[in-house]
Amino acid sequence: MSSGGVCEVAVARTFLGTLAYSIPASLVGAVEPGVRVRVPLGGGTVVGVVDRLGLRTDRARKPRLRELRGVLDEEPVIDGVLLDLCRWIADYYVAPLGVVLRTALPPGALGARAARGGSPGPRTERVLRLVRELRTLSERDRAFGRAKRQRELYETLESVGGQAGVGHLVKQLGFSRAVLNGLVERSLAEIVEREVERDPFAGPVEAEARFTLTPDQLRVVGDLERLDAPGWVALLRGVTGSGKTAVYLEVLERQLRLGRSGIVLVPEIALTPQTVQRFRARFGNEVTVLHSGLSDGERFDAWRSLREGRKRIAIGPRSAVFAPVRNLGAIIVDEEHESSYKQSDVPRYHARSVAIMRARLEGALCVLGSATPALESWENARTGRYHLLELEERVTGHGLPSVELVDLRADVGEDGGRDAGDPPRDAGPRVFSTRLRKAISRRLDRGEQTILFLNRRGYASFAECAACGHVWSCGACSVTLTYHRRRSQLVCHHCGSTSPPPSDCGECGGPAPRYTGVGTEQVERRVGELFPRAAIARMDLDTTGSKWAHVEILEAFRRREVDILLGTQMIAKGLDFPQVTLVGVINADVGLHLPDFRASERTFQLLEQVAGRAGRGDEPGEVLVQTSRPGHYALAAAAGHDYVGFAERELGDREEPGYPPHHRLANLVVSGKAESRVIDVAEELSEWTRRLIGDRRLAGIEVIGPAPCPIDRLRERWRWHFLVKADRAATLGGVLRFLGEQRGQPGSGLRLEIDRDPEALL
Ligand code: ADP
Ligand code: ZN
């Protein structure tokens with residue numbers, strides 16, 4: 001058989017590698033790398049992407065081949081460079097190429113519908129639109145008479161620009177169908193089918209006030225311009241409020257001038273209209289926002305507009321690194337230290353690493369930006385692999401907010417705020433120190449805004465028996481249950497299972513549990529008790545269930561309808577509200593005790609980020625951080641805004657255990673329902689890997705473990721892990737690939753997860 005007659009196809013299945021097929025004579029010429037094809041697999045047909053013509057050189061012998069069933073595209077759905085990028089990801093992260101391609105292509109491209117030949121179309125929605133204007137009050141009185149709800153609906157429509165989606169009016173705003181029909185019958189409005197996106201990122205934008213860049217910003221922009229040589233990586237470390245975004249805008253503007261395009265990666269939670277508006281204000285219709293709220297059809301449209309070159313700037317979270325822009329000039333990774341850039345499912349890629357690789361493949365500039373760079377990036381910058389650029393001052397010239405650590409052991413503050421309806425809580429938690437309480441009070445008096453931060457949702461994070469010390473935990477996961485007061489439930493934050501709060505202790509027959517470990521729900525309640533006239537909004541996973549809820553909360557805060565914004569890490573980044581003069585951290589110790597080598601780094605980063613929300617306007621900012629460990633170096637460094645000092649100390653601490661960035665790391669997790677099998681397989685696989693390293697005489701690489709994962713049971717699966725640690729990425733890669741290929745499918749319900757460059761070891 002000639003090599004023109006066979007090809008390798010990547011399908012989105014769990015096994016590594018590609019599958020070989022023969023090309024029927026009628027399809028020769030239509031098959032090329034990057035086109036989608038229908039292929040037989042097992043008893044069915046699936047859609048895959050052609051990886052290459054001819055067979056892989058590592059195929060030991062020529063297999064008996066089945067034939068391709070059809071070709072779906074006239075042109076490749078993915079260009080050569082992006083296909084190379086996907087191959088690199090498959091290789092580096094030990095993931096099936098087909099699954100990588102599924103991640104990189106718009107949703108549905110490799111799905112069952114594609115196999116039948118369909119593709120998503122534009123989304124339409126029924127909207128109610130005003131068609132007649134009632135100018136005067138008397139006209140209105142006459143038109144509506146006693147139909148009060150119809151008048152309300154009419155005025156609602158007026159206030160939102162004359163039209164709104166029927167679903168929105170009925171579901172969110174509570175107007176009945178009869179009221180909608182009433183307006184239509186009075187010929188005041190009509191219902192039309194419209195291609196709409198109810199998208200807060202769409203719509204008109206206010207033009208941005210152009211400011212002159214500060215000398216510091218100009219210096220950085222100039223450096224980046226000189227750096228703009230293919231494949232360069234720059235790390236921009238700029239304190240919060242130093243005007244990094246303005247630098248990104250300049251970089252992108254230059255690229256557009258040169259006829260190129262750009263990608264901006266932001267963490268999903270920082271993808272607020274605030275951030276996006278700044279890019280749209282500058283680049284208008286050149287911008288496409290790729291966010292998780294898009295329907296499949298919208299995503300497909302966005303993807304096509306980039307591919308066809310109609311739009312040249314893509315903004316989005318992690319997966320926007322695959323945006324099919326043409327002639328890429330620059331990729332910006334904002335808040336590059338964010339762990340949400342790492343995908344937890346296969347392919348377990350890190351968008352920062354992929355961005356760097358893509359920039360290299362396309363000859364583009366890559367800019368990593370953060371006030372608190374990941375230690376990996378910092379180390380690369382220090383050793384000259386990345387070009388380091390720094391902005392040490394805020395653009396306002398006001399300096400960073402002053403940060404004070406409030407020792408919870410010394411300032412006992414108010415008591416737990418018991419009331420008759422509460423479960424007993426003798427050793428109950430405390431929410432506010434006197435110091436923080438007074439500071440909030442002052443802000444309310446002065447009409448300034450406050451942000452309160454606590455990275456723990458729910459009411460209380462432990463239910464504990466006062467008599468025997470028993471702590472209630474999830475039946476399916478080895479984690480404690482969180483008490484949610486309003487829902488009156490114990491909830492597992494990992495698997496979501498719920499149970500009613502117990503009335504007694506099942507272990508010792510003692511009384512109902514006491515609830516300890518303050519969560520955001522409790523803070524909200526306590527604020528209500530202490531400051532009854534303050535308007536408070538809470539922003540965490542429990543209050544942002546609906547699609548745009550977080551946008552609405554932030555908008556209300558921006559309009560200053562809210563005095564106190566309380567939330568989890570959702571509120572720590574990217575927010576730029578000049579009227580916020582106080583940031584209170586309810587408990588800085590929450591993340592410090594996690595059994596993970598990045599616990600200190602995460603705590604430092606979060607504190608620095610959240611502190612950065614204060615004093616961004618003309619008034620100076622104050623940050624109060626409540627803690628029981630004021631001596632901890634991560635907290636002390638955050639209080640002094642001392643990134644460099646923190647990094648030095650932390651790098652030193654990681655040297656001895658050999659954690660990243662000193663060594664390259666992979667976390668291998670074996671999981672399954674039968675604990676003994678999981679242990680056996682974890683032991684056997686780690687031993688196998690040790691032997692592989694020994695037999696091949698590989699140097700600078702070692703296996704550690706196995707041991708139970710810190711969370712050793714999740715969703716009824718037991719979890720054991722072992723680590724592979726190496727001096728060199730290439731050595732680690734070789735071992736991981738061999739392990740994945742030979743032993744990647746342990747069988748009988750067991751799973752092996754290979755997590756290279758892990759963000760957490762939990
Ligand atoms: P960072 O991203 O570093 O936290 P931003 O880019 O959000 O900082 O800038 C902080 C604020 O300062 C924003 O409101 C921005 O509009 C404003 N700003 C940035 N550069 C300038 C400048 N040169 N002159 C005046 N205001 C600026
Ligand atoms: Zn659970």
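We count ligands from 1, going down the list as the structure has it; atoms in each ligand are counted the same way.
Ring geometry for Phe604 versus Tyr643: interplanar angle of 30 to 60°, hence tilted.
In this structure, CD1 in Ile451 is found 4.5 Å from CZ in Phe557, a value given to the nearest 0.5 Å. Here the CG-OG distance, from Leu490 to Ser497, works out to 9.5 Å after rounding to the nearest 0.5 Å. Atom CZ in Arg312 sits 4.5 Å away from atom CG in Leu256 (nearest 0.5 Å).
At a threshold of 2.8 Å, the Zn ion (ligand 2) has a backbone or side-chain N, O or S atom of Cys495 nearer than that distance. Residue His494: no N/O/S atom is found under 2.8 Å from the Zn ion (ligand 2).
Not one N or O of Val395 is nearer than 3.5 Å to an N or O of ligand 1, by distance alone. No N or O atom of Thr240 sits closer than 3.5 Å to an N or O atom of ligand 1.
Under 4.0 Å from ligand 1, not a single heavy atom of Leu391 appears. When non-hydrogen atoms are compared, ligand 1 lies under 4.0 Å from the backbone of Thr245 as well as from its side chain.
Looking at Glu336 and Arg352, a side-chain N of the basic residue comes within less than 4.0 Å of a carboxylate O on the acidic one, giving a salt bridge. Ion pairing of Asp542 with Arg457 is present here, as a side-chain N (NZ or NE/NH1/NH2) and a carboxylate O approach within less than 4.0 Å. Using a 4.0 Å cut-off between a side-chain N of Lys or Arg and a carboxylate O of Asp or Glu, Lys311 and Glu286 do not qualify as a salt bridge. Electrostatic pairing of Arg282 and Glu250 counts as a salt bridge here, judged by a charged N lying under 4.0 Å from a carboxylate O. Classification of Asp576 and Arg613 as a salt-bridged pair fails, no side-chain N sitting under 4.0 Å from a carboxylate O.
Heavy-atom contacts of Thr212 reach the following atoms of ligand 1: 22 (C), 23 (N), 24 (N) (cutoff under 4.0 Å). Below 4.0 Å from some heavy atom of Leu213 lie the following atoms of ligand 1, by number and element: 23 (N). For ligand 1 and Thr214, the ligand atoms under 4.0 Å from any heavy atom of the residue are 23 (N).
Put simply, part of Gly241 is less than 4.0 Å from ligand 1, judged by heavy atoms. For the ligand labelled ligand 1, residue Val239 lies inside the 4.0 Å heavy-atom shell. Distances shorter than 4.0 angstrom do not occur between any heavy atom of Arg394 and any atom of ligand 1. Contact annotation: Thr396 has no heavy atom less than 4.0 Å from any atom of ligand 1.
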Stepwise side chain to side chain contact (heavy atoms under 4.5 Å, CB included) check, Val395 with Gln217
CA-CA 9 Å; Val395 283; Gln217 285 171 318; 3.7 Å; yes

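For atom 9 (O) of ligand 1, the nearest non-hydrogen atom from the set Ala371, Gly243, Gly617 belongs to Gly243. Of all the listed residues (Arg616, Gln609, Gln217, Arg613), Gln217 holds the heavy atom that lies closest to atom 20 (N) of ligand 1. Nearest-heavy-atom check against atom 21 (C) of ligand 1 across Phe211, Tyr248, Phe577 picks out Phe211.
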